[in-house]
Amino acid sequence: MNIYMDASLGLKYNSPQQQARVITENWMSENMYCVMCGEHHLKHLENNKPVADLICPACQNIFELKSHNGHFGSLIADGAYDTMLARLMDDNNPHLFVMEYKRKECIVENLWIIPSYFFTPDIIIKRNPLPPTARRAGWTGCNIAWKNIPVLGKIPVIYQQEVLEPKFVCEKVSATMALATSKIQARGWLMDVLYCLQQIGKEYFTLDDVYAFTDYLQERHRENHNVQPKIRQQLQFLRDKGFVEFLGRGSYHIVNKE
Ligand SMILES: [Zn+2]
């Protein structure tokens, strides 16, 4: 994998956004492999799909690319809010590549893959509609809240210009596949509990550590009046999938998947 991008491809475009899009997308199709099945190349998807960008010819998984010159910060600007929410509910929701590049050197600095099943409505944040004076007045975009995505779901492919071993990346992705659930509500609970475990930040934790987030979780799931049983249910799910070990007496251990 060559982390340098071909800047000459952008020459025929005037807008910097379009130049960046062509250069980064071309780099992806020349260099990026499928993190789901290990296939060596990804292909551009036909133009009639406005948001999804690349497809794996072997396993048919779809990938979207978001790229940014320099660091993204805590929010990633995304497309139209309604479109994004609708796509979330779709089983074909694409996986997301997040790229940070350096425009001047035309080099890929960081690249992460976020498997689609880590996306929940809480991660998509509605922006204010564009003002009446704007060309696309009333259009409402959205941001992706980077910090709300569990660490497990942000898998580095290139980190500080270092290309990570594809086999290792694919293994990390496949270790998370057990968390894939197409039911959006179940996914929300699961990701929220994972987020709590991440905030607890300990390899060994107790049920009380997680119960400390009861108010937080209640706020996010107002329709549910059994938050603590729900927490236990998610911990059982994580145990069944091999992410958490039950040690008895309300003690748990996070299984290191690396
Ligand atoms: Zn594939």
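The chain is numbered in sequence order, starting from 1. Computation of the quantities below employed the complete heavy-atom set of this structure, encompassing side-chain atoms and omitting hydrogens, waters and symmetry-equivalent molecules. Worth saying up front: this structure is predicted, and the values here are computed from it rather than measured. Both ligands and their constituent atoms are indexed starting at 1 by order of listing.
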Protein N/O/S neighbour count - the Zn ion (ligand 1), strictly under 2.8 Å: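 For the Zn ion (ligand 1), the figure is 4.
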Aromatic ring proximity, centroids under 6.0 angstrom, Tyr204 and His253: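 Yes: the rings meet the under 6.0 Å criterion.
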Inter- and intrachain pairs under salt bridge (charged side-chain N to carboxylate O under 4.0 Å, His left out), touching residues 123-147, at least two apart: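 Sorted result for residues 123-147: empty, none.
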Salt bridge (charged side-chain N to carboxylate O under 4.0 Å, His left out) contacts touching residues 211-223 (sequence neighbours left out): Asp122-Arg220, Asp192-Arg220, Glu219-Arg222
Flag, side chain of Asn110 to backbone of Gln160, donor-acceptor distance under 3.5 Å: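 Yes; judged by distance alone, with no hydrogens or angles, the pair exists.
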Lys167: salt bridge (charged side-chain N to carboxylate O under 4.0 Å, His left out) partners, not counting sequence neighbours: Glu171
Whether Trp189 and His221 hold their rings parallel, tilted or perpendicular, with breakpoints at 30° and 60°: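 Correct class here is parallel.
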